[in-house]
Amino acid sequence: MAREKSWKLLLGLRIFAFMATLAAAIVMALNKETKTLVVATIGTIPIKASLTAKFQHAPAFVFFVIANVMVSFHNLFMIVLQIFNRKPEIKCFNLLSVAILDMLNATLASAGANAAAFMAELGKNGNKHAKWNKICDQFAIYCDHGSGALIAAFIGLILMLIIAAVSISRLLIHSNKSAAATSSNT
Amino acid sequence: MVKLTQRLGGLVLRFAAFCAALGAVIAMITSRERSSFFVLSLVARYSDLAAFKYFVIANAIVSVYSFLVLFLPKESLLWKFVVVLDLMVTMLLTSSLSAAVAVAQVGKRGNANAGWLPICGQVPRFCDQITGALIAGLIALILYVFLLIFSIHYVVDPFLLRKS
């Protein structure tokens, strides 16, 4: 049956998207690097100051973590709903709300991933005009972990777009079937 | 009767979104300010920051797309395509708006931990115009979220309101 195949496809895509966005959120949330730098020297004793780079320093990264947590929670909720709802009759309102929620969460994932991407680009290249120094040459591990989280979030974003398209097509097929059924009844 | 008001509502929403996106592009392109202290002069342009360039390009694409969809005839088969394209355009709008807001927030408040000073104190008119462009982008985004839900109802007709 056609609905059976798209059910399996949707479940597989949702599991991958859940894992990708959760990994992105966790890697960014645990992103922290401490570095001790020599600031001055008094006689022969060097004075060290330790600087930390945390993800909370940039609001874009905080939004990134929150957005990815929300998208992964949405995927988890939908997986549970899909597994426990294998009844043959599917109401139209269920399919419609799933499609709309999928679309809204896809846009949320896109917002979070892109905000962090441009913030990271600013940290990597700096900005000559505003005299902002780049920070990636000193905090290399912080930048590497951040880019890993960004890659996972973009993979999750592409998967969310495919999931939204599949949900819309399921809604379309269902409404075509029920329209054909009512026109054959009357 | 239902169909006519539906179609009219969709056209009005799309035209308003087109105007908002176009306004955002124009406001950001014309923002340019020169400030001088002593002998140094600093020119602030939108193209200094990559996120603002992305914002301009994305909103330009959105305004061209909504202008083209305004002229799509009622019974065309392309409306099914328009639903997915609307979703992609909304994702483009959110990404450009959030990137521009993230970078503008750094410009306004600075980042004490990275040693980045805010620049809005030196070029206040530039900052105000950027804020206006971002607000227009937000209005376009909200209108497009409504248009998404509207397109689904128009194409898929999930509650079978139309008699065929």
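Residue numbering restarts at 1 for every chain, and letters A, B, ... go by the order of the sequence lines. Computed from a prediction, not measured in an experiment: that's the story for all the values here.
A single hydrophobic cluster is seen to contain both B/F18 and B/L11, as judged by linkage of ILVMFWY side chains at heavy-atom distances under 4.5 Å, directly or through other members. No chain of hydrophobic side-chain contacts below 4.5 Å, direct or via other Ile, Leu, Val, Met, Phe, Trp or Tyr residues, connects B/F15 to B/L141. Under a hydrophobic-cluster definition in which Ile, Leu, Val, Met, Phe, Trp and Tyr are linked whenever side-chain heavy atoms come within less than 4.5 Å, directly or via other members, B/V64 and B/F55 are assigned to different clusters. In the hydrophobic cluster analysis, where Ile, Leu, Val, Met, Phe, Trp and Tyr join through side-chain heavy atoms closer than 4.5 angstrom, B/I142 is grouped together with B/I139.
In terms of non-hydrogen atom pairs under 4.5 Å with chain B, the most contact-rich of A/I100, A/N127, A/L157 is A/N127. Heavy-atom pairs under 4.5 Å with chain A peak, among B/V106, B/V84, B/I149, at B/V106. No other option in B/V83, B/L49, B/V103, B/V145 has as many heavy-atom pairs under 4.5 Å with chain A as B/L49. In terms of heavy-atom pairs under 4.5 angstrom with chain B, the leader among A/W132, A/F63, A/F139, A/F118 is A/W132. Heavy-atom pairs under 4.5 Å with chain A were tallied for B/S96, B/A112, B/S98; the largest tally goes to B/S98.
The structure places CG of B/L148 at 4.5 Å from CE of A/M103, a figure rounded to the nearest 0.5 Å. In this structure, B/M91 CE and A/L161 CG are separated by 4.5 Å, a value rounded to the nearest 0.5 Å. Atom CE of residue A/M119 and atom CG of residue B/N111 lie 5.5 Å apart, to the nearest 0.5 angstrom.
Using a 4.5 Å cut-off between heavy atoms, A/L51 does not touch chain B at all. For B/L117, the part lying under 4.5 angstrom from a heavy atom of chain A is the backbone only. A/I168 touches chain B through its side chain: at least one heavy atom from C-beta onward sits under 4.5 Å away, while N, CA, C and O do not. For a residue to count as touching a neighbouring chain, one of its non-hydrogen atoms must lie under 4.5 Å from one of that chain's; by this rule B/D48 touches chain A with backbone and side chain alike. Within the 4.5 angstrom heavy-atom criterion, only side-chain atoms of A/I135, from C-beta onward, approach chain B.
Contact check for B/I119 versus A/K131: no side-chain heavy atoms found under the 4.5 Å cut-off. For the pair B/V43/A/H129, no side-chain contact is recorded, criterion being any heavy-atom separation below 4.5 Å from C-beta on.
Counting heavy-atom neighbours within 6.0 Å of A/F154 CZ, excluding the residue itself, gives a total above 12. Residue-environment remark: CG (A/L11) exceeds the threshold of 12 foreign heavy atoms within 6.0 Å. Counting non-hydrogen atoms of other residues, nucleotides and ligands closer than 6.0 Å to NE2 of A/H57 gives a total above 12. More than 12 heavy atoms of other residues, nucleotides or ligands sit less than 6.0 Å from atom CZ of B/F150. Applying the 6.0 Å contact sphere to CE of A/M70 captures no more than 12 heavy atoms from other residues, nucleotides or ligands.
Residues B/T94 and A/T107 share a closest heavy-atom pair of OG1-O, 3.5 Å. Considering all non-hydrogen atoms of both residues, A/P59 and B/Q105 come closest at CG-OE1, 3.4 Å. In terms of heavy-atom proximity, A/N114 sits nearest to B/A99 at O-CB, 4.0 Å. Here the shortest heavy-atom pairing between A/E121 and B/A50 reads OE1-CB, 3.9 Å.
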